[in-house]
Amino acid sequence: MTIQTNRRNFLKGSAAAATALVIGLNSRGVLAAGSSGAQLNPFVKIGSDGTLTVVVKHFEMGQGTTTGLTTLIAEELDVDWDSVKHEFAPADGKKYANLLFGAQGTGGSTAMANSYKQYRQAGAAAREILIQAAAQKWNVDPETVTIESGILTSGDKKAHFGEVAEIASTIEPSKEPRIKGNADLKLIGNPNLSRKDGYGKTNGSAQFAMDVKVPGMVYAAVIHSPKFGGKLTSFDAAEAKSVAGFIDAKAMPNNAGIVVYGKNTWAIKQAKDAIVAEWDFTQAETRSSDIMIAEHLKLLEEPQYSATKTTDFKATTAAIDSSEQSVEAEFVFPFLAHAPMEPLNCVIEPTETGVRVHDGCQFPGLTQPTVAAITGLKPEQVEINTVFAGGSFGRRANPTSDYQAEAAMAFAMLGGKTPIKMVWMREDDIQGGYFRPMAAHRVKVGIDDKGKIAGWDHRIAAKSIMKGTALESFAVHDGVDHSSVEGISDTHYGIPGFSLGLSDFVSPVSVLWWRSVGHTHTAFALESAIDMVAEKAGRDPVEFRLELLAGGDADQQRLSDVLKLAAEKSGWDDPLPEGRGRGVALHKSFGSYVAEVIEVSLNDGAIKIEKVTCAVDCGIPVNPDVIKAQMEGGIGYGLGAAMRNQITFTDGLVDQDNFPTYEPIRMSDMPDIDVHIVPSTIAPTGVGEPGTPPSAPALANAIKAATGLRVTRLPLAENGVEFA
């Protein structure tokens with residue numbers, strides 16, 4: 001069961017339980033314990049009844065953080081898994097920062113990677129002081145006290161945690177509490193551990209942002225410019241006044257749109273359709289997709305930036321020109337929408353000291369100051385009640401906190417007293433939200449007389465995600481946005497004569513990280529090109545990759561291991577009947593190593609994806625069931641996008657609007673997926689995103705093997721591939 005709370009209610013609840021114990025970091029960043037009402041950064045809460053509640057600092061959008069972080073604490077405290085509760089942390093960037101971002105937020109497959117040691121130490125600290133407290137209470141040696149299923153025992157003496165919590169709250173934990181050894185782990189690595197969010201999501205009790213309703217709430221939606229970069233000049237809401245439930249319509253102060261208020265979502269939808277608006281498109285995007293593609297390809301001719309330290313285009317060109325044979329290809333990738341199943345929405349309401357935002361909040365570190373600035377408050381006056389989110393894929397965390405900012409504007413424009421539920425219709429997001437950037441690649445590879453790579457010229461054109469945002473100083477160096485070239489600029493393939501150039505496409509179209517960010521297109525281009533080179537050289541694709549990974553460093557070894565495992569489990573060397581083909585792709589992203597082999601069949605000219613064999617090395621597998629689910633979900637997400645998805649423009653207007661025209665992957669499309677997890681004792685890395693990058697190139701390589709057709713433009717269905 002998930003308990004939803006906020007900072008005030010947490011403190012009230014602590015005060016009500018006289019023996020409550022909290023474990024976390026104090027203001028100096030040191031592990032500490034305290035009694036009820038202590039001003040700490042709690043990860044562990046012990047109630048007077050002995051109940052353990054884990055405070056989860058990363059929100060849950062389906063990726064399993066509520067299970068993963070709870071596992072770490074529960075492991076160290078030896079409690080009964082079914083009895084452990086969890087709650088989301090309040091918004092407090094100083095105490096709950098993502099250690100890899102420096103701000104409170106979830107993304108980039110960092111939740112487990114940055115919290116693993118922190119949460120295990122918090123659990124170990126709690127264990128340490130609870131044992132000491134029991135020893136004091138019973139006047140025994142702490143060495144005689146053990147914990148099993150949440151019960152402290154010494155001889156014939158027994159107590160649950162709550163019975164010693166008051167004493168424990170006076171004990172200072174050691175600076176480096178001892179965590180369990182790998183041989184003693186019971187929950188970490190347990191493949192049969194049930195998910196903590198599963199029960200509530202199954203019976204409908206789990207609360208998502210769309211479920212939140214508060215007294216006196218008014219619904220709101222925004223009419224955005226139909227073209228990116230347009231500005232509102234005027235509007236007429238006369239017809240909307242006849243819509244039942246319509247309340248009002250107001251121009252946003254930045255002229256970015258019109259806020260429509262109503263008594264329910266149907267009223268605001270009908271009112272939006274009835275309002276006539278005029279827009280200034282002077283600074284707007286007015287090009288069509290074919291023109292944008294042509295301009296991307298033109299940018300490849302003279303790269304603006306060198307994206308690797310050793311890039312020497314002249315030397316690379318000379319090596320390629322003098323080669324026995326060469327391979328050349330252009331790859332084009334469309335804009336993509338995130339299209340989470342739960343549309344964007346949140347509720348903002350007034351409190352005695354400020355406002356409270358109810359949201360599936362992915363990045364409180366951005367949302368809290370944004371809402372504060374708009375409402376004229378201090379960040380600490382903005383409470384955030386984080387609830388479950390029905391997917392995100394990166395969309396709910398963006399540099400402008402767009403839908404939360406619009407909620408704050410709508411709230412302020414209505415006087416700052418009436419609760420507002422801001423709702424983006426799916427059409428709003430697919431036609432006017434943030435997109436994965438369009439991108440183009442040009443690859444030219446020289447092959448010597450021994451069938452080895454002699455030179456590799458790689459060029460990329462894409463709109464920068466990071467430039468012009470608060471993250472620019474972090475992600476952009478020497479003009480290169482790393483998110484545009486990641487996965488290629490840092491490839492672990494030993495490619496001689498390698499050069500990489502980057503050019504920025506400029507457009508008012510808003511772009512954002514999308515599940516696995518730049519790896520979504522770089523992996524496809526690189527892994528497709530590797531297959532093309534292997535074919536030209538007459539080499540087996542798996543053996544060719546292994547040769548390029550023979551340098552012997554740790555990354556190459558881990559990539560080789562997952563590739564060998566995926567090949568073995570897929571029966572790579574086994575012959576296939578006519579009309580079938582296998583394709584392979586390999587990629588490292590977000591610290592994890594993933595290889596995928598896809599098998600397809602050809603029936604009456606149509607492709608059916610039969611099976612995906614996946615091998616993943618993500619360090620110690622904390623929750624194998626969650627890892628398996630994330631690989632399956634990431635693969636499905638990548639396959640669906642590669643098969644059919646694209647956002648296209650006609651004279652600046654987006655052509656797609658909802659799932660009928662931006663079709664998600666269907667159950668009938670999903671193949672059998674066989675996931676194999678590499679055993680490890682290395683610190684864990686991410687799994688939310690790494691399953692996506694290899695899926696599309698493995699599919700394209702399989703289609704080539706089955707049909708002879710090499711597709712270098714996505715989506716596949718628009719470029720010569722029919723799916724069964």
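Just so we're clear, the structure is a prediction, and the values are computed from it rather than from any experiment. Excluded from the calculations below are hydrogen atoms, water molecules and symmetry mates; all remaining heavy atoms, backbone and side chain alike, are included.
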Check: Gln404/Asp359 side-chain N/O donor and acceptor closer than 3.5 Å: yes

Value rounded to 0.5 Å, distance of CG in Asp211 from OG in Ser205: 10.0 Å

Ring-ring centroid check Phe335 Tyr434, cutoff 6.0 Å: no

Inter-residue atom distance His441.NE2 - Arg459.CZ, 0.5 Å rounding: 13.5 Å

Chi angles and distances behind the side chain to side chain contact (heavy atoms under 4.5 Å, CB included) call for Ser507, Arg287: CA-CA 9 Å; Ser507 169; Arg287 291 170 290 187; 3.6 Å; yes

Salt bridge (charged side-chain N to carboxylate O under 4.0 Å, His left out) between Glu689 and Arg515, intermediate numbers included: CA-CA 6 Å; Glu689 302 179 84; Arg515 194 171 189 170; over 6 Å; no

Spacing of Leu699 atom CG and Ile635 atom CD1 [to the nearest 0.5 Å]: 11.5 Å

Donor-acceptor contact present, side-chain Asp490 to main-chain Glu486, <3.5 Å: no

Side chains of Pro671 and Leu639 in contact at under 4.5 Å (non-hydrogen atoms): yes

Gap between atom OG1 of Thr491 and atom CG of Leu549 - 0.5 Å precision: 8.0 Å

Distance-only donor-acceptor check, side chains Thr648 and Asp655, under 3.5 Å: yes

Donor-acceptor side-chain pairing of Arg710 and Asn701 below 3.5 angstrom: yes

Residue pair Trp514, His519: steps toward the ring-ring contact (aromatic ring centres under 6.0 Å, His included) verdict: CA-CA 9 Å; Trp514 185 93; His519 298 283; over 10 Å; no

Test item: side-chain donor near acceptor, Asn603 and Ser601, under 3.5 Å: yes

Gap between atom CD1 of Ile465 and atom CG of Leu471 - 0.5 Å precision: 10.5 Å

Trace of the ring-ring contact (aromatic ring centres under 6.0 Å, His included) decision for Phe59 with Phe88: CA-CA 7 Å; Phe59 97 133; Phe88 291 117; 7.4 Å; no

Minimum heavy-atom distance between Gly105 and Asn98, given as atom pair plus value: O-ND2, 3.1 Å

Pair Ser464, Asp504: side-chain N/O donor-acceptor within cut-off below 3.5 Å: no

Verdict with supporting geometry, Asn114 and His58, side-chain hydrogen bond (donor to acceptor under 3.5 Å, both in side chains): CA-CA 10 Å; Asn114 101 90; His58 296 283; 2.8 Å; yes

Nearest non-hydrogen partners of Pro690 and Ser109, listed with the distance: CD-OG, 3.8 Å

Note, Lys588 side chain near His492 side chain (heavy atom, < 4.5 Å): yes

All salt bridge (charged side-chain N to carboxylate O under 4.0 Å, His left out) counterparts of Asp428, not counting sequence neighbours: Lys272

Verdict with reasoning, Ile665 to Met670, per side chain to side chain contact (heavy atoms under 4.5 Å, CB included): CA-CA 7 Å; Ile665 193 166; Met670 282 297 288; 3.6 Å; yes

Donor-acceptor pair between Thr520 and Arg436 side chains, under 3.5 angstrom: yes

Test side chain to side chain contact (heavy atoms under 4.5 Å, CB included) applied to Trp424 and His224, step by step: CA-CA 10 Å; Trp424 278 50; His224 300 99; 3.7 Å; yes

Residue among Val675, Ile677, Asp674, Thr692 satisfying side-chain contact (heavy atoms from CB on, under 4.5 Å) with Met631: Val675

